[in-house]
Amino acid sequence: MLFSERSIATMMHGIVFGGAPLMGLAAALFYLYAARAKGPGAPDRPAPPALAWVTVATAVALWFTVFAGTFVVFPWYRTPPPAGLADLSQYPRALVLSNPGTAWLHGFAMETKEHMPWIAAILGTAAAFVTTRYRSRLLNDDSLRNMTMLFLAVCLAIVAWASLLGVFVNKVAPVH
Amino acid sequence: MAQTVGAIEPGVREGLVNGSAMAAFLGGGIGAFMLGLVVFLNETGAVSLPALYAPTGGLSTRAVLGVVLWLVAWGILHSRWKNREIAPGPVYKTTVVLIALGILATFPPFLKLF
């Protein structure tokens with residue numbers, strides 16, 4: 001078989017569940033910026049239902065990403081090898097730690113990926129809640145819109161950063 | 001902490017006041033901070049946490065505990081603010097600080113200083 005079940009699950013975690021929020025967050029951010037009310041005389045109008053759907057779908061994808069990463073892929077990554085095993089290719093954590101040149105992929109990259117994406121899921125959920133519940137005033141209330149954009153932007157930065165680090169780790173020590 | 005501008009008048013639709021949004025924002029900030037605090041205390045050895053799910057190790061406990069604390073904080077804030085208009089400035093400033101601290105506390109180079 002070209003891809004093992006573990007490899008497919010890792011791709012689902014990184015590309016499908018992790019990639020969807022990258023697109024959703026970028027789209028929601030762009031819409032909130034582009035559709036802001038122009039000046040004090042601008043007519044009030046609600047945000048479209050599609051914006052709420054995008055943020056909710058993004059939040060759901062974020063939770064799938066962190067749960068799949070933490071409880072499915074991470075255990076495969078950290079499985080310790082049997083003592084004395086020379087070929088560490090099936091044990092990603094041991095493989096990256098075995099080489100001083102790649103040890104940072106665990107000490108920095110993977111340890112960043114362990115915790116920070118959970119913050120993104122929390123912030124993405126809060127933004128989705130506000131976007132859905134306050135659809136009628138989101139575009140016309142600067143304070144609500146700006147804070148929602150800040151949450152989405154921080155979320156996007158974290159997801160992009162974690163995704164990049166994930167690519168590095170999986171390039172050197174893929175889960176087979 | 002946030003200043004309450006005023007309670008909503010009876011009959012005014014709940015969604016029109018900003019209390020629920022402020023609760024979601026501040027709750028998110030508290031969630032980020034609490035997750036960071038749990039990670040910081042556990043990774044620096046100040047608090048030992050058993051693994052909820054052995055294959056994942058301590059990460060399972062840190063993550064689940066952080067999420068539970070976030071949901072509790074959000075729930076309490078929501079129940080208190082849902083019918084009120086809240087001054088956004090203090091909420092935003094507090095939230096931004098909490099998020100920054102939460103991110104800092106989960107940043108590995110920072111944790112290695114301790």
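In what follows, every chain begins at residue 1, and chains take the letters A, B, ... in the order their sequences are listed.
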Look at atom NZ of B:K93 and say whether more than 12 heavy atoms of other residues, nucleotides or ligands are closer to it than 6.0 Å.
no
Using a cut-off of under 4.5 Å for heavy-atom pairs, which of B:A24, B:G28, B:P55 has the most such pairs with chain A?
B:P55
Are A:W118 and B:T106 close enough that some pair of their side-chain heavy atoms sits under 4.5 Å apart?
no
Leading residue by heavy atom contact count with chain B [cutoff under 4.5 Å; candidates A:T79, A:V130, A:I122]:
A:I122
Is it true that a side-chain atom of A:Y134 and a backbone atom of B:S20 form a donor plus acceptor pair closer than 3.5 Å?
yes
Working to the nearest 0.5 angstrom, can you tell me the gap between A:L150 CG and B:F25 CZ?
8.5 Å
Check each atom of B:L111 against the heavy atoms of chain A and say whether the ones under 4.5 Å are side chain, backbone, both or neither.
neither
Part of B:A105 lying under 4.5 Å from any heavy atom of chain A
neither
Go through the atoms of B:Y92 and report whether side chain, backbone, both or neither lie under 4.5 Å from a heavy atom of chain A.
both
Are there over 12 heavy-atom neighbours, none belonging to B:F110, within less than 6.0 Å of that residue's CZ?
yes
Output the option from B:G57, B:G27, B:G66 having the highest count of non-hydrogen pairs under 4.5 Å with chain A.
B:G57
Within the 4.5 Å heavy-atom criterion, are A:F151 and B:T95 side-chain neighbours or not?
yes
When only pairs under 4.5 Å are counted, which of A:N146, A:I158, A:T148 shares the most heavy-atom pairs with chain B?
A:T148
Tell me, side chain or backbone of B:I103 under 4.5 Å from chain A's heavy atoms, or both, or neither?
both
Go through the atoms of A:F71 and report whether side chain, backbone, both or neither lie under 4.5 Å from a heavy atom of chain B.
both
